[in-house]
Amino acid sequence: MRFSKAFIPTAKEAPTDALLASHIFLSRAGFISQVASGLYNYLPLGKRVLRKIENIINEEMQRCDAQEVELSFVTPAELWQESGRIEKFGKELLRFRDRKENLFVLGPTHEEMMVNIVRNRLTSYKQLPMNLYQIKTKFRDEARPRFGLMRAREFVMKDGYSFHADEEDLNREFNSMQEAYKRILERLDLDFRIVEADSGAIGGSGSKELMVIADSGEDTIAICSKCEYGANIEAAKRSKSTEIPEAPEADFNKFKTPDIKSIEQLSSFFHVDAYYMVKTVAKRAIYEDGDEIVFFFLRGSDDLQEVKATNAVNALELVDVSEDDLLEAGFIPGFMGPLDILNVRCIFDNELENADSMICGANEVDYHYVGVDMSVLKDVVFTDLVEVKEGDGCPYCDGVLSYTKGIEVGHIFKLGTTYSKALKAEFLNEKGQSEPLVMGTYGMGVSRLIAAVIEQHHDDKGCIWTKETAPYTLNIMVSNIKDEAQLSLGEELYNKFKDSGVEVIIDDRKERFGFKMKDAELIGFPYTIIIGKELLNSNVQLYIRKTDEKIMLEAKNIFEKVIDIL
RNA sequence: CGGGGCGUAGCUCAGUAUGGUUAGAGUACCUGGUUUGGGACCAGGGGGUCGAAGGUUCGAGUCCUUUCGCCCCGACCA
């Protein structure tokens, strides 16, 4: 490519609304331009990078014998009604009617469509397993798109789905996909972590997210200091604490606690560690068909993890309950506890199972119970509700957990038969019995990966593309195109590299040295050959973007030298 | 969806409080010239329904009403 003919609109200033490095540099360097909230155009450089990432994904999928398909972007709403997700997905689904008044949605993900393709076609265990994927534009009408390509409404995603006769085969494929995803991110030169995650509204198990480590990431993940364990905060677990505070000595009793409502107040009132308090968190659980108040109980020293809590009651979401609402429902805010509580759904954290010497609200104004033995409670549901904190122990080794931020670039999980049952996608097993297909799903945010690469690979001058993502590997910069010697060497090298299959661009613009250098740095070509005034001494320079160094080399063997480096 | 902010040249922004020449600057763009190792200089030039609609007024970028868009914080996010 010739720079003088290329459409690469670089700018000195970034749009005001760009905050993240990836957004600022991708805009300034002419990779993308915004059209509307959460909608972006890919300019030639951006499109090249996008295609490079797609190619890597395609190559790795081919190695696993996954087959590429392309499903229509506009999908009939009936499929979404069949699976029941038209309600669950809510406003993120962009719906519209065609001229015949039929309802359609723009695909935000394609489970339904993919199951629809295989149902009545994959009808025998002999045809299984099967892994189909596509790389395709998706649309989610996000309430609040932000951060450029990081959270756009229209974006490119690779979504793959596998179909199996049983769980065991699904597990095999799941592991194979996890390895493939790992290879993809390694080829992209990304620092990432595969973490345990919540599978969200879609349902399923074995949920794992691929997180690119970056301060700008929107997810908090807990990682172990010693082993490979990492988990999204929404799903993170911890080991049982080994440092248990000394238990207070008290027989079961009701105690007057005037206006003592919070865990902190109780702790100082009784001089007892919050570990021995029962924290009561009231939430309103919203279901598809109604709502109710739910009480979550955990140790005073712990905090409620809302996603875990939501899953525990199988709710669409949890919202806060006002004190007025509680009073109206007959509860006493500040003095609520698990004993003798009626007419409300109660969920207990695992930590409270068999807990003793506890202090809890007496469900009576200004009274708490002390010396409570939780084992007196009958028919109680215990589950994990705790949000892990930095410093908590790793659940798998003796390491310590700490927080870090991550960009979710991939999410894989085992769907099981959720969709195949709902959409009646069944096959005949060896015994001739009809069974629903067992499914896995594997997503990867392709356009988000562009942003992720830059989040991890940039400096204050601009982008620093990695070997496999660079829009052009080599930039040949002719410092002064009016200098015949410079220009002819540039042209000669340009043709030689092009013929050798190197992705090369020649900066033959009628601009000054500084202007062209700034662009080279901003765009972030991995290598730039600078043909300039040093040519008088038969020398040229090789500028290496990553290290920001310029190496003086003899002009006569620059071609061979650079070919070696590439 | 709650709270806040902003819409003026391709881009970054001034001008709006207190209405009053032909609406400005920088940058980018075009022409000519000088330059040619860090976004150069001189001269000339093109480019605007001041987000939109309605209203007040002799007169609106500026005041009033409505509306649309964009951004930020939060909620949400397979």
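Computed from heavy atoms alone, side chains included, the values below leave out hydrogens, waters and symmetry copies. Chain letters run A, B, ... following the sequence lines, proteins first, then strands; residues in each count from 1.
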Nearest-angstrom distance from the residue atom CG of A:D219 to P of B:C77 | 12 Å
Protein-nucleotide distance (A:K533, atom NZ; B:G37, atom P), rounded to Å = 6 Å
Using the P atom on both, measure B:U65 against B:G5 and round to a whole Å.
-> 15 Å
NA contact type, A:E521, heavy-atom cut-off 4.0 Å: base, sugar-phosphate, or nothing?
-> base
Between B:U12 and B:G54 - C1' atom distance, rounded Å | 32 Å
B:A17 versus B:C6 - spacing of their P atoms, nearest Å = 15 Å
For A:R28, report the nucleic acid contact type (base, sugar-phosphate, nothing); a contact means any heavy atom under 4.0 Å.
-> base
How far does the P atom of B:A53 sit from the matching atom of B:A28, given to the nearest Å?
-> 33 Å
OP1 or OP2 of B:C71 under 4.0 Å from side-chain N/O of A:Q34 | yes
Atom C1', compared across B:U62 and B:G19: separation rounded to whole Å = 6 Å
Heavy atoms under 4.0 Å, any strand shown: does A:D519 hit a base, just sugar-phosphate, or nothing?
-> base
When you compare B:A52 with B:U8, how far apart are their P atoms, in angstrom units rounded to a whole number?
-> 10 Å
At under 4.0 Å between heavy atoms, what does A:Q541 touch on the DNA or RNA strands: base, sugar-phosphate, or nothing?
-> base
Any donor-acceptor pair under 3.5 Å between the side chain of A:N480 and the base of B:G37?
-> no
For B:U27 versus B:A43, give the span between their P atoms, rounded off to a whole number of Å.
-> 12 Å
Identify whether any heavy atom of A:P15 sits under 4.0 Å from a base atom; if not, whether one sits that close to sugar-phosphate; answer base, sugar-phosphate or nothing.
-> sugar-phosphate
Rounding to the closest angstrom, what is the interatomic distance between B:G61 and B:G7 at atom P?
-> 16 Å
Is A:R95 close enough and on-axis enough to A:F104, meaning under 6.0 Å and within 45°, for cation-pi?
-> no
Cationic tip of A:K138 above A:F155 ring, under 6.0 Å, 45° of axis | no
Can you tell me if the side-chain N/O atoms of A:T16 get under 4.0 Å from OP1 or OP2 in B:U12?
-> yes
Within the structure shown, what part of the strands sits under 4.0 Å from A:Y161 by heavy-atom distance: base, sugar-phosphate, or nothing?
-> nothing
